[in-house]
Participant: 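My structure is below; once you've seen it, I'll send some questions.
Worth saying up front: this structure is predicted, and the values here are computed from it rather than measured. Sequential numbering from 1 along the given sequence is applied to the chain's residues.
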Amino acid sequence: MDKSWMHSDRRSKAYEFGVEAFLNFAVENLLTTTHIRCPCVKCVNLKLFGVGIIRDHVYFNGIDQSYKNWTFHVEPWEATTNASRNVEEDDGHSRYSFVSEEIDMDDNDFGDFGSDPYEFANVIGDGDQPVYPSCRKYTKLSALVKLYNLKAKHGMSDVCFTELLILQGDLLPEGNTIPTSMYEAKKTLCALGLSYEKMHACPNDCILYRKKYEDSTNCPTCGISRWKEGKDSILKEGVPAKVVWYFPPIPRFKRMFQSHETAKSLTWHAARKSIDGQMSHPADSPSWKLLDDKWPEFGNEPRNLRLALSSDGFNPHSSLSSRYSCWPVILVTYNLPPWLCMKRKFMMLTLLISGPKQPGNDIDVYLEPLIDDLKSLWVGIRGVYDAHNGEYFTLRAALMWTINDFPAYGNLSGCVVKGYKACPICGDDTPSHRLKNGHKICYIGHRKWLPINHPYRRQRAAFNGKPEYGIPPEPLTGEEVLHMVENGDRVCWKKKSIFFDLEYWKYLPVRHALDVMHIEKNVLR
């Protein structure tokens with residue numbers, strides 16, 4: 001294909017025809033119009049957008065002229081001898097172990113190199129090239145990763161980081177390979193496969209501008225503009241009013257299996273045996289056993305993943321008066337042994353929702369891309385390479401439950417968590433009482449969960465002046481909850497949770513759980 005148009009004037013007809021030819025080429029090969037890597041000089045194939053936004057970027061910013069082989073858009077790559085070089089040292093450790101140490105990833109976690117050999121060859125070259133001719137301690141890639149880690153740790157702006165790179169280059173001997181700008185650093189690091197999607201959102205949490213709303217400029221629900229409003233009340237076209245960061249989990253699951261040790265650890269649960277009959281790992285839980293029994297084709301493959309989701313809001317600024325809220329959404333993989341599954345490098349950040357207010361019950365809007373990926377994982381992702389067994393297989397995964405504090409429990413489950421009917425188990429029969437002087441609601445029926453002959457059941461003065469002879473209610477099943485919210489019986493339910501879009505969700509015995517820290521703090525103290 002003729003690529004001479006990439007060097008033409010952006011106002012010329014040749015450039016216009018070239019852009020359209022490129023977009024047609026990308027759509028034909030990728031079979032999508034909404035998730036295509038943008039090759040403009042600012043995005044440098046790091047971000048995914050729809051065809052309309054990519055067209056605007058390529059016109060406004062210009063195309064990256066160094067992008068000669070369109071490998072991100074499925075153009076066949078011209079093989080070179082560099083691409084076939086071995087990435088393992090003689091001692092069996094990856095030469096890129098310094099990267100995993102700096103950014104908490106496991107070995108061989110550096111993207112799907114097999115599908116992108118052009119970028120892989122560049123990474124190999126950067127990994128071998130010393131930062132300056134006589135340097136033996138750092139290569140170009142290791143130095144850049146350490147510098148970028150400092151940028152992330154201390155919150156440096158892009159401008160500040162660019163100036164730091166320029167100063168670093170001046171301080172080092174002549175012939176050093178330190179990049180001179182943030183743009184060049186991005187081009188080097190993008191080959192590590194740490195991709196993300198930057199999604200525009202309605203400031204009122206109505207929609208994400210994706211799929212059918214990809215090219216919309218106003219929210220179809222509330223009518224507010226997609227673009228940010230300046231101090232002079234003039235819209236800054238092209239500057240989104242709210243942004244959500246999405247980190248797709250599927251590529252990272254693939255990379256986990258590309259590590260020999262990690263792939264072996266992901267089947268640890270299949271070899272273990274519960275000796276004492278106690279629940280010492282999620283593999284002993286009813287939810288795990290239900291997935292094995294109800295879907296035996298899923299349970300018979302020990303490499304299929306069992307996941308948990310956790311989310312909560314916090315104020316990232318030191319000032320308590322700031323109303324800014326940040327909600328990370330994290331996935332945990334239970335296939336791993338207990339001493340690994342809660343390690344930071346295995347806790348997978350998938351969403352970062354930030355803004356002047358918390359998403360509340362509208363958090364389902366932001367979970368849509370993650371739910372789409374979880375649906376794909378339930379169906380199966382073909383062609384995943386298992387480095388431990390040396391074979392390709394179809395990877396599947398299931399979300400077992402969410403873990404939150406009680407307010408976030410209500411946001412994710414759709415259950416009422418305050419007022420007279422705030423107990424997710426008791427529902428309409430919640431034993432609540434409003435204090436006459438304190439004007440607060442208290443819940444006093446917890447003794448019914450004690451053994452029937454427990455002495456606390458007969459005590460009166462220490463509790464509400466009455467003995468307790470009741471029995472604990474049976475928790476509602478997922479099918480009962482789904483029937484209630486779909487038929488308008490929403491006394492105790494605010495909404496239908498987006499998790500019910502997962503085929504298996506309504507069958508799980510435990511769908512939402514409270515985190516240990518809040519139980520210890522609020523109940524056991």
Participant: Tell me whether the rings of Phe393 and Phe257 are parallel (<30°), tilted (30 to 60°) or perpendicular (>60°).
Facilitator: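 Ring orientation of Phe393 relative to Phe257: perpendicular.
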Participant: Ring centres of His200 and Trp245 under 6.0 Å apart?
Facilitator: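 Aromatic pair excluded; centres sit 6.0 Å or further apart.
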Participant: Taking the six-membered ring for Trp, are Trp378 and Trp295 closer than 6.0 Å centroid to centroid?
Facilitator: yes
Participant: Does Asn204 use its side chain to pair, donor to acceptor, with the backbone of Cys206 at less than 3.5 Å?
Facilitator: no
Participant: Any salt bridge linking Lys496 with Glu486? Criterion: basic side-chain nitrogen under 4.0 Å from a carboxylate oxygen.
Facilitator: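 The answer is yes: the pair qualifies as a salt bridge.
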Participant: Within the supplied structure, the quantity of interest is the number of heavy atoms (other residues, nucleotides, ligands) at a distance under 6.0 Å from Glu237 CD; does it exceed 12?
Facilitator: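 At most 12 heavy atoms, drawn from other residues, nucleotides or ligands, come within 6.0 Å of this atom.
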Participant: Enumerate, atom names and distances included, each donor-acceptor pair closer than 3.5 Å involving a side-chain atom of residues 415-423, sequence neighbours excluded.
Facilitator:
| residue | atom | partner | partner atom | Å |
| --- | --- | --- | --- | --- |
| Lys421 | NZ | Asp428 | O | 3.2 |

Participant: Can you tell me if Tyr443 has over 12 outside heavy atoms packed within less than 6.0 Å of its OH?
Facilitator: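 It does: Tyr443 OH has more than 12 such atoms within range.
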Participant: Scan His35, Glu197, Arg210 and name whichever one has a side chain to side chain contact (heavy atoms under 4.5 Å, CB included) with Pro369.
Facilitator: Arg210
Participant: Look at the rings of His281 and Tyr334 and say which category their plane angle falls in: under 30° parallel, 30 to 60° tilted, over 60° perpendicular.
Facilitator: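 The rings of His281 and Tyr334 stand perpendicular, inter-plane angle above 60°.
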Participant: If you define the side chain from C-beta out and look only at heavy atoms, does anything of Arg434 sit under 4.5 Å from Lys440?
Facilitator: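 Result no, sub-4.5 Å side-chain heavy-atom pair not found.
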Participant: With a sphere of 6.0 Å drawn around CD1 of Ile471, does it hold more than 12 non-hydrogen atoms of other residues, nucleotides or ligands?
Facilitator: no
Participant: Give a yes or no on whether Glu297 atom CD has more than 12 heavy-atom contacts from other residues, nucleotides or ligands under 6.0 Å away.
Facilitator: yes
Participant: Does Thr262 use its side chain to pair, donor to acceptor, with the backbone of Ser259 at less than 3.5 Å?
Facilitator: no
Participant: Give the intermediate values and the outcome of side-chain hydrogen bond (donor to acceptor under 3.5 Å, both in side chains) for residues His512 and Thr402.
Facilitator: CA-CA 5 Å; His512 304 278; Thr402 69; 2.8 Å; yes
Participant: Might you work through the side-chain hydrogen bond (donor to acceptor under 3.5 Å, both in side chains) test for Lys494 and Asn361, ending with a clear yes or no?
Facilitator: CA-CA 8 Å; Lys494 301 174 284 187; Asn361 295 326; 3.1 Å; yes
Participant: May I have the step-by-step check of ring pair (Phe, Tyr, Trp, His ring centres under 6.0 Å) for Trp401 and Trp505, ending in yes or no?
Facilitator: CA-CA 9 Å; Trp401 50 63; Trp505 190 254; 9.5 Å; no
Participant: To the nearest 0.5 Å, how far apart are CZ in Arg511 and CG in Leu399?
Facilitator: 12.0 Å
Participant: Between the side chains of Lys289 and Asp284, is the shortest nitrogen-to-carboxylate-oxygen separation below 4.0 Å, so that they form an ion pair?
Facilitator: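 No salt bridge links Asp284 with Lys289.
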Participant: Taking it one step at a time, do His73 and Phe25 satisfy ring pair (Phe, Tyr, Trp, His ring centres under 6.0 Å)?
Facilitator: CA-CA 8 Å; His73 302 87; Phe25 174 84; 7.8 Å; no
Participant: Just by modelled atom types, is the Asn335 backbone N or O under 3.5 Å from a matching donor or acceptor in the Thr333 side chain?
Facilitator: no
Participant: Test the Lys343-Phe346 pair against the cation-pi criterion, namely NZ or CZ under 6.0 angstrom from the six-membered ring centroid and within 45° of the ring axis.
Facilitator: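 Not satisfied by the 6.0 Å and 45° rule.
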Participant: If you measure from the Lys or Arg side-chain nitrogens to the Asp or Glu carboxylate oxygens, is any gap between Lys254 and Asp386 under 4.0 Å?
Facilitator: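 The answer is no: the pair does not qualify as a salt bridge.
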Participant: Could you please spell out the steps behind the side chain to side chain contact (heavy atoms under 4.5 Å, CB included) verdict for Ile403 and Leu309?
Facilitator: CA-CA 6 Å; Ile403 307 171; Leu309 180 147; over 6 Å; no
Participant: Would you find more than 12 non-hydrogen atoms of other residues, nucleotides or ligands less than 6.0 Å from Lys42 atom NZ?
Facilitator: no
Participant: Rounded to the nearest 0.5 Å, what separates atom CZ in Arg396 from atom CG in Leu377?
Facilitator: 10.0 Å
Participant: Within a strict 4.5 Å, meaning less than it, do heavy atoms of the Tyr507 and Thr477 side chains meet?
Facilitator: no
Participant: With a 4.5 Å cut-off on side-chain heavy atoms, are Thr34 and Lys211 touching?
Facilitator: no
Participant: State plainly whether the residues Asp501 and Lys506 are in salt-bridge range, i.e. N to O under 4.0 Å.
Facilitator: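 Salt bridge: no.
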Participant: Using a strict 4.0 Å threshold on nitrogen-to-oxygen distance, state whether Arg306 and Asp292 make a salt bridge.
Facilitator: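 Counted as a salt bridge, because a side-chain N and a carboxylate O are separated by less than 4.0 Å.
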